[in-house]
Amino acid sequence: MRMNYEEKATMKVLMTGNEAIARGAWEAGVIVCAAYPGTPSTEIIENAATYKEMYSEWSPNEKVALEVGLGAAIGGGRTLVAMKHVGVNVAADPLFTLSYTGINAGLVLISADDPGMHSSQDEQDNRHYGRAAKIPILEPSDSQECLDFVRVALELSEEYDTPVMLRMTTRVSHSQSLVNLGERREIPLGPYIKNPGKYVMLPGHGRLRHPIVEERLHKLAEYAETSQLNRIEGKGKQGIITNGITYQYVREVFGKDVSLLKLGMTYPLPRGLITDFIQSVDTCYVIEELDPFIEDHIRAWGFSPHGKDVFPAIGELLPETIAACVPHLTQETSAPVSAAADPASSKTNRETSDDAPVLPGRPPVLCPGCPHRAVFYVLNRLKLTVSGDIGCYTLGALAPLNAMDTTICMGASIGAALGMEKARGKDFARNLVAVIGDSTFVHSGITALIDVVYNRGTTTTLILDNSTTGMTGHQENPTTGFTVGGEVTVQIDLPLLAKAVGVKRIVEVDPFDLDHFTEVLKTELAVEEPSVIIVRRPCVLVRPVSGRSKVASQPPVSVDADLCTGCAQCLRIGCPCLVKIEPETGSKIRKVSVDASQCTGCGLCVSLCRPQAIVRKDG
């Protein structure tokens with residue numbers, strides 16, 4: 001439940017980092033917010049949309065979101081653009097040029113990185129993007145800093161005529177801490193002055209802007225030396241340089257018995273401040289998640305701190321990880337350490353004793369009643385090569401469905417399928433499909449479908465339309481007919497869109513009609529021209545929205561034990577509601593049971609049960 005923050009101004013409340021980012025934007029006078037949903041950034045725009053003074057939108061993709069944002073900023077309005085780390089890959093084209101043009105009003109780009117890959121295909125460190133684009137990077141370590149750093153970033157953006165990257169990580173985005181709420185500061189819309197020499201990046205104009213970018217970096221480095229974003233805490237012989245959420249972990253492990261340089265601005269770095277700090281301690285450690293970004297800069301200046309020679313460059317640096325990497329250092333401090341000091345030990349504070357039971361693994365699975373389950377069951381049964389994409393349906397790659405061959409990035413499925421066809425020929429393409437979700441198709445699949453048509457491919461594309469952006473928590477997208485605020489808007493017509501780009505064979509199917517779906521697939525795979533199959537059934541978890549009803553509720557199914565033969569055909573769909581039970585006394589047959597508390601009554605297992613042992617409870 002979202003709070004009415006306007007009524008709680010001047011109060012101290014618990015907020016996640018993402019909620020605090022939205023609040024900070026509101027307090028700082030932002031008027032335009034744009035994003036594409038992606039964990040761990042999604043809740044920023046969902047919360048921003050609750051503030052009526054700010055226009056908020058789900059954009060079709062991250063590139064468009066940044067283009068909307070830069071247009072608003074050049075037009076004179078403070079702007080916030082949010083995306084997850086891989087989204088910056090999509091937005092990189094306008095970002096690098098925006099660094100040259102500068103802005104007219106403040107623009108903050110949120111890059112929400114995902115150390116540990118909780119919900120991502122990689123764990124790239126986007127501080128490299130800030131450096132490559134020559135823009136400043138701020139990194140908050142708690143929710144209060146999230147709120148405050150948005151304001152600071154906007155002020156820096158305007159003072160130095162640059163976009164500013166605010167780098168979040170999953171733990172900061174999703175952890176709660178106390179935040180002091182303030183009032184909104186109304187910032188007048190800046191005047192718009194036509195200035196093609198600044199905003200039209202012809203080569204001649206760009207050459208004139210590049211020296212300005214370099215001079216700006218020099219001034220930002222001077223600012224970093226005295227900025228309160230960077231501060232020294234504690235006093236000890238051992239020194240630690242750290243940033244972001246790792247600062248919290250370092251404090252937990254070492255207390256105040258070390259000298260600590262907390263960097264809230266990690267690019268450009270304060271060389272003088274860091275040099276003085278290193279020279280003031282006996283030994284210096286750089287503790288940062290993922291790449292040795294800060295460490296590499298320091299080594300380039302001629303110093304040799306401990307960093308990735310001690311701490312891993314993979315995954316999160318949790319408190320127990322830090323403690324285990326420097327046991328000698330934790331023993332010198334009086335702070336309680338939450339993990340065993342022996343780095344060779346695999347125990348952590350999560351284990352209570354040697355007798356603790358080992359819990360079974362819980363791999364991610366498609367939800368009970370998910371329409372994607374039927375799709376991948378059929379694809380597996382037909383033994384097709386499946387070029388996959390990013391979404392809930394990526395779970396179709398896992399057992400027992402085992403029905404996906406590749407997943408690279410948003411929108412790659414269609415282009416990759418065409419590439420396979422061009423490399424291996426049309427005979428290979430007769431057993432090849434591209435699978436993509438409705439939101440991902442709009443994000444970056446349309447252009448690939450155009451490529452299939454234009455370059456005379458025969459790719460069969462399955463658009464899995466479940467009426468939502470499911471993986472990131474059921475956000476609206478251009479195919480749903482609703483905005484981020486729930487207002488009714490124009491709904492993209494997927495069949496008409498496919499026809500408009502040149503596809504002549506377009507079929508709509510219900511995935512739970514297995515026989516019809518199977519026949520359609522076989523037919524479209526056999527023809528030597530592009531085809532689009534729109535597999536349409538709403539996500540079983542779609543929330544009721546005005547003008548759109550939830551999937552019709554169905555009674556759960558049950559198993560007639562007398563008819564069940566234990567063939568386990570139903571288990572091939574991987575539904576978590578279906579489990580094998582121990583055989584009765586004197587029997588060797590492990591029959592199937594249904595967890596009625598989870599069952600949505602989708603009926604997929606009913607259609608697969610040859611002995612007709614699975615029936616609906618209402619008969």
Side-chain angles (χ1 to χ4, degrees), residues 39 116-122 357-409 412-413 416-417 420 431-437 440 462 464 466 470-472 511-512 514 517-518 521 525 535 537 539-541 556-557 559 564-583 588-600 602-611 613-614:
T39 306
M117 294 183 284
H118 297 279
S119 183
S120 305
Q121 65 268 43
D122 65 43
V358 177
L359 297 177
R362 298 184 64 187
V365 295
L366 295 169
C367 299
C370 176
H372 302 328
R373 179 172 285 107
V375 172
F376 290 105
Y377 170 78
V378 172
L379 296 180
N380 175 284
R381 189 174 65 178
L382 295 179
K383 305 302 179 187
L384 300 181
T385 299
V386 180
S387 178
D389 225 296
I390 304 293
C392 296
Y393 47 88
T394 311
L395 295 174
L398 304 182
L401 296 169
N402 300 314
M404 192 173 288
D405 292 67
T406 63
T407 297
I408 308 301
C409 65
S413 59
M420 288 183 183
N431 289 289
L432 168 68
V433 296
V435 172
I436 192 167
T440 308
L462 275 61
L464 309 187
N466 64 350
M471 184 174 65
T472 50
F512 284 167
L514 293 179
F517 176 41
T518 301
L521 257 177
L525 285 166
V535 186
R537 179 172 276 254
C539 170
V540 73
L541 299 179
V557 302
V559 177
C564 180
T565 63
C567 69
Q569 178 69 19
C570 58
L571 298 181
R572 293 179 61 186
I573 59 175
C575 178
C577 301
L578 297 168
V579 294
K580 277 194 171 184
I581 58 176
E582 291 301 318
K588 295 183 179 180
I589 300 176
R590 294 189 65 190
K591 299 189 177 183
V592 173
S593 178
V594 174
D595 181 354
S597 66
Q598 295 189 68
C599 180
T600 63
C602 72
L604 180 59
C605 58
V606 175
S607 63
L608 294 177
C609 184
R610 293 168 183 168
I614 305 179

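Values below: every heavy atom of this structure, side chains too, minus hydrogens, waters and symmetry copies. We're numbering straight along the sequence, starting at 1.
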**Report entry** Any Tyr393 side-chain heavy atom under 4.5 Å of Leu366 side chain
**Finding:** no

**Report entry** Exercise: identify the closest heavy-atom pair between Cys564 and Ala613
**Finding:** N-CB, 3.5 Å

Report task. Answer yes or no: is there a side-chain heavy-atom contact under 4.5 Å between Lys591 and Val559? Result -> no

Query raised in the report: Excluding sequence neighbours, so at least two apart, what forms salt bridge (Lys or Arg N to Asp or Glu O under 4.0 Å) with Arg381?
Result: none

**Report entry** Side chain proximity check, Leu578 to Cys605, heavy atoms < 4.5 angstrom
**Finding:** yes

Query raised in the report: Just by distance, do the side chain of Asp405 and the backbone of Val386 share a donor-acceptor pair under 3.5 Å?
Result: yes

Requested in this report: List the atom of Val557, the atom of Val594, and the distance in Å for their closest heavy-atom pair.
Outcome: O-CG1, 3.5 Å

Query raised in the report: Excluding sequence neighbours, so at least two apart, what forms side-chain hydrogen bond (donor to acceptor under 3.5 Å, both in side chains) with Thr39?
Result: none

Query raised in the report: What's the spacing between Leu462 CG and Phe517 CZ if we round to 0.5 Å?
Result: 5.0 Å

**Report entry** Pairwise side-chain contact, Thr394 with Met404, heavy-atom cut-off 4.5 Å (strictly under)
**Finding:** yes

Query - Pairwise side-chain contact, Pro368 with Thr600, heavy-atom cut-off 4.5 Å (strictly under) - result: yes

Query raised in the report: So do the side chains of Phe512 and Ser607 get within less than 4.5 Å of each other, counting heavy atoms only?
Result: no

Query raised in the report: Is any side-chain heavy atom of Asp389 closer than 4.5 Å to a side-chain heavy atom of Thr407?
Result: no

Query raised in the report: What pair of heavy atoms forms the shortest contact from Gly369 to Val540, and how long is it?
Result: O-CB, 3.9 Å

Query raised in the report: Which atoms form the tightest heavy-atom contact between Met471 and Cys392, and what is the distance?
Result: N-SG, 3.2 Å

Report summary line: What one should report as the nearest heavy-atom pair of Val579 and Leu571 is N-CD2, 4.4 Å

**Report entry** Exercise: identify the closest heavy-atom pair between Val435 and Ser413
**Finding:** O-OG, 3.2 Å

